[in-house]
Amino acid sequence: MVGFRNRYLVMEVFLDPSKDLGKEDPIIISQFNILKAIKDSILVNFGECGLSASLGSLQVKYVNPITKVCIIRAAREEHQKVWSSITMIRSIGNCPVIFGLLDLSGSIKACKAAALKYDEAKFEQYKQVMGDRLTPDISQQMHNFLAKIQLLEH
């Protein structure tokens, strides 16, 4: 028996650079928002048939709203369609965004390692930018997100 093959995409969400990021983020990046944007993009670019073929395994496994790193699972046969649709997303809600692929892997184990590495690096960058405005609450949230990556499974 052959298991169902998936691909895992570690993506980074870049918010509009013309907005001031020192203030409150214009949108909260969540699993629901990202999944809805991906589904809408697949529907627009590949039609209903492309959407129904992609929905079988499509799932947003992890989202970190602090570092804007997310993990998306797609079927091996459909991952290029999902990837190209993600590349064509220009906004979530009314906030302009761009997605960047950080890593593509065939196992959740490799994906977790890559996501953990990128998340830790992005948080170090975030701490330097925030300086003394970094609250213990945000540090605790980040610690919780890093622990959540460790618990990911299929």
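Taken to the nearest 0.5 Å, the CG atom of L51 stands 8.5 Å off from the CG atom of L58. In this structure, OG on S85 lies 11.5 Å from CZ on F99, to the nearest 0.5 angstrom. Residue N6 holds its CG atom at 5.0 Å from CZ of R73, rounded to the nearest 0.5 Å. Between the CZ atom in F123 and the CD atom in Q141 there is a gap of 9.5 Å [rounded to 0.5 Å]. Here the straight-line distance linking atom CD1 of I71 with atom CD1 of I34 works out to 11.0 Å at 0.5 Å rounding. Atom CD1 of I92 sits about 10.5 Å away from atom CG of D40, to the nearest 0.5 Å.
The shortest distance between side-chain heavy atoms of V97 and F14 does not fall below 4.5 Å. Between R7 and L104 the shortest side-chain heavy-atom distance falls below 4.5 Å. Within the 4.5 Å cutoff, side-chain heavy atoms of I108 are placed close to those of Y8. The shortest distance between side-chain heavy atoms of Y62 and L152 falls below 4.5 Å. The shortest side-chain heavy-atom distance between K68 and L15 falls under the 4.5 Å cut-off. Looking at heavy atoms from C-beta onward, M11 lies in side-chain contact with I86 at the 4.5 angstrom threshold.
The minimum heavy-atom distance between C111 and V10, with the atom names listed, is SG-CG2, 3.6 Å. Scanning both residues, L134 and S139, for their nearest heavy atoms gives CD2-OG, 3.9 Å. Considering all non-hydrogen atoms of both residues, S84 and F46 come closest at OG-CZ, 3.4 Å. Contact between P65 and V63 at its shortest, heavy atoms only, is CD-O, 3.6 Å. Considering all non-hydrogen atoms of both residues, N33 and I28 come closest at ND2-O, 2.8 Å. When all heavy atoms of K61 and E153 are compared, the closest pair comes out as NZ-O, 2.8 Å.
Applying the salt bridge (Lys or Arg N to Asp or Glu O under 4.0 Å) definition to pairs two or more places apart or across chains, those involving residues 76-102 are E78-K81. Each salt bridge (Lys or Arg N to Asp or Glu O under 4.0 Å) pair with one or both residues in residues 100-124, not counting sequence neighbours, appears once here: E12-K122, E124-K127.
Of the listed residues (N64, T67, L102), just one forms a side chain to side chain contact (heavy atoms under 4.5 Å, CB included) with Y118, and that residue is L102.
In the hydrophobic clustering of this structure, I72 groups with L101; members are Ile, Leu, Val, Met, Phe, Trp, Tyr whose side-chain heavy atoms approach within less than 4.5 Å, directly or through other members. Hydrophobic clustering (ILVMFWY, side-chain heavy atoms < 4.5 Å, transitive): I38 and M88 are in distinct clusters. Hydrophobic clustering of Ile, Leu, Val, Met, Phe, Trp and Tyr side chains at less than 4.5 Å, counting indirect connections, keeps L35 apart from V44.
Residues satisfying the side chain to side chain donor-acceptor pair (under 3.5 Å) criterion with Q150, sequence neighbours excluded, are absent altogether. Considering only residues two or more places apart in sequence or on other chains, S91 meets the side chain to side chain donor-acceptor pair (under 3.5 Å) condition with none of them. Applying the side chain to side chain donor-acceptor pair (under 3.5 Å) rule to S105 yields no partners; only residues at least two apart in sequence or on another chain are considered. D137 is linked by a side chain to side chain donor-acceptor pair (under 3.5 Å) to nothing, counting only residues two or more places apart in sequence or in another chain.
With hydrogens and angles disregarded, no donor-acceptor distance shorter than 3.5 Å links the side chain of K39 to the backbone of L55.
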**Residue pair L9, W83: steps toward the side chain to side chain contact (heavy atoms under 4.5 Å, CB included) verdict** = CA-CA 8 Å; L9 296 89; W83 183 5; 3.9 Å; yes

